[in-house]
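Notes follow the structure.
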Amino acid sequence: MQPEQFSTLINMLAFRAQVSGEQTAFTFNSAATSFAEMWQGINHFAAFLLERGIEPGSRVLVVLPNSAEFFSAFYGIQRAGGIAVPVFPNTGSERIFSLGNLCGAEIIVVPSDLPTEKLDFFRERANARGFSLVTVSESDAQPLAEFPQIAPDDIAFLQYTSGSTGNPKGVMLTHASLLTNIRQMIAGMQITPDEIFVSWLPVYHDMGLILKTMVPFYLAAQTHLLPTNLRDVHPWLDAIQKHHATFTAAPDFAYRLALRHLNPSEYDLSSLRVALNAAEPVRATTLRDF
């Protein structure tokens, strides 16, 4: 199989685990996870969900920040035949329950490192509203010999809109449509397996998830993932310089923050081939000054 033959995100990752297993799939906070390790985490979480009775098409809320366990949960849900629903992890519990009701989810995945007291309180409130709260660290189930078959037209995940002009709406994204989008971006921006990605963008949102992680997974290109906290922009440019990144992306405000709080000329950013500015109005002054 070649990448152009991938028909689902799941067989894309299965291929990467088989062919590129020892290669680093991504680093998060400088900790590397190989494709084989990511695939193992996906299978463990999928088996865990199947043990809990997940059915084809079941929606599962993913309330996780940028982290290694995000990928275990996000793709583990799909591996089990479910539909992942990534949401902003720092939103209030009532907002999370509201989105869960909106999409018909019964399971909510939360960070494993939540303090015990907070996790217990959250779980109690979730149970009272008919939700089951789980963490990736609980997934000690052994991978199965057979998982459900995933079809190209199956929905991979629901991407909720920002809701800036109304209530958020869940956009249904199939495996086939996502792979088409990935291939369009690769062709349009001439992205190659030699690319080195650096991203602090949130993986619960489309640009950070599809462009900055799915594209490099598709190509087995290097990707370095950072926390989303931009109160300090230094780590972003530090990572570009350290890893000789060729591809980064951010909304206009991030480039403005860099101009406000540091002198970009103090960094060697000459390795960059693409610095994408998108997701909100782009200011000519930002482009010129940066």
Side-chain angles (χ1 to χ4, degrees), residues 26-29 65-66 86-91 157 159-171 173 177-219 221-290:
F26 63 91
T27 66
F28 177 68
N29 276 347
N66 288 11
V87 299
F88 177 44
N90 291 328
T91 193
F157 75 100
Q159 177 68 70
Y160 270 94
T161 60
S162 62
S164 56
T165 58
N167 291 327
K169 299 169 181 65
V171 180
L173 298 172
S177 64
L178 287 161
L179 285 165
T180 296
N181 188 212
I182 289 167
R183 290 167 181 141
Q184 288 171 334
M185 289 189 286
I186 289 170
M189 290 183 275
Q190 301 178 342
I191 305 172
T192 75
D194 295 326
E195 220 73 70
I196 301 172
F197 290 75
V198 163
S199 177
W200 58 266
L201 297 176
V203 288
Y204 53 82
H205 201 268
D206 51 6
M207 186 160 73
L209 178 57
I210 303 171
L211 172 60
K212 300 300 290 180
T213 67
M214 289 184 187
V215 166
F217 293 166
Y218 181 98
L219 294 169
Q222 283 190 53
T223 186
H224 300 278
L225 187 63
L226 308 173
T228 58
N229 184 359
L230 260 205
R231 284 180 292 184
D232 181 4
V233 294
H234 288 82
W236 177 30
L237 299 192
D238 284 338
I240 293 171
Q241 179 173 264
K242 175 183 177 181
H243 299 296
H244 306 289
T246 63
F247 201 116
T248 197
D252 197 83
F253 81 84
Y255 294 100
R256 295 200 309 274
L257 281 175
L259 290 166
R260 186 178 307 146
H261 295 294
L262 52 84
N263 181 1
S265 65
E266 294 175 358
Y267 291 85
D268 180 3
L269 307 180
S270 60
S271 62
L272 282 176
R273 187 180 68 82
V274 175
L276 180 68
N277 185 332
E280 66 180 18
V282 176
R283 302 184 185 188
T285 53
T286 306
L287 299 184
R288 183 185 65 243
D289 295 346
F290 192 86

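Keep in mind that this is a model prediction, so the values were computed, not measured.
- In this structure, Phe88 and His205 have side chains that are not in contact, with every pair of non-hydrogen atoms separated by 4.5 Å or more.
- Across all their heavy atoms, Ser265 and Asn263 have their closest contact at OG-OD1, 2.6 Å.
- Atoms OH and CG, on Tyr204 and Asn90 in that order, are 7.0 Å from each other to the nearest 0.5 Å.
- Proximity of a side-chain donor or acceptor of Glu195 to a complementary backbone N or O of Phe247 within less than 3.5 Å is not detected.
- With contacts defined as side-chain heavy-atom distances shorter than 4.5 Å, the pair Asn181/Met214 does not qualify.
- Considering only heavy atoms from C-beta on, Ile191 comes within 4.5 Å of Arg273 through its side chain.
- Of the possible polar contacts, none joining the Thr248 side chain to the Ala275 backbone as a donor-acceptor pair under 3.5 Å is found.
- The shortest distance between side-chain heavy atoms of Thr223 and Phe217 falls below 4.5 Å.
- Note: Ile186 CD1 to Leu219 CG = 4.0 Å, rounded to the nearest 0.5 Å.
- Using a 4.5 Å cut-off on side-chain heavy atoms (C-beta onward), Pro251 and Leu201 make contact.
- Contact record, Tyr160 with Gly170: CE2-N, 3.3 Å, taken as the closest heavy-atom pair.
- Taking CG of Leu209 as the reference point, atom CE of Met207 lies at 12.0 Å (rounded to 0.5 Å).
- Residue Glu266 holds its CD atom at 10.0 Å from CD of Gln241, rounded to the nearest 0.5 Å.
- Between Val198 and Ala245, the closest heavy-atom pair is CG2-CB, 3.6 Å.
- Using cut-offs of 30° and 60° on the angle between ring planes, the pair Trp236 and Phe290 is parallel.
- When side chains are defined from C-beta on, Met189 does not count as touching Val215, because their heavy atoms never get closer than 4.5 Å.
- Using a 4.5 Å cut-off on side-chain heavy atoms (C-beta onward), Phe26 and Asn66 make no contact.
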side-chain contact (heavy atoms from CB on, under 4.5 Å) between Leu276 and Leu211: does it pass, once the steps are laid out? CA-CA 11 Å; Leu276 180 68; Leu211 172 60; 3.5 Å; yes

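- Side-chain atoms of Thr246 come within 3.5 Å of backbone atoms of Ile196 as a donor-acceptor pair (strictly under, hydrogens ignored).
- Between Pro227 and Asn29, the shortest heavy-atom distance links the atoms CD-OD1, 3.1 Å.
- To the nearest 0.5 angstrom, Asp206 atom CG is 4.5 Å from Gln159 atom CD.
- Minimum heavy-atom separation, Pro281 to Asp252: O-CB, 3.4 Å.
- Interatomic distance, Ile240 CD1 to Leu272 CG, rounded to the nearest 0.5 Å: 5.0 Å.
- No side-chain heavy atom of Lys212 sits less than 4.5 Å from a side-chain heavy atom of Trp200.
- Below 30°, between 30° and 60°, or above 60°: for His243 and His224 the angle between ring planes is below 30°, a parallel geometry.
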Given side-chain contact (heavy atoms from CB on, under 4.5 Å), test Tyr267 with His234 step by step and report yes or no. CA-CA 10 Å; Tyr267 291 85; His234 288 82; 3.0 Å; yes

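- Donor-acceptor pairing under 3.5 Å is recorded for the side chains of Tyr218 and Arg183.
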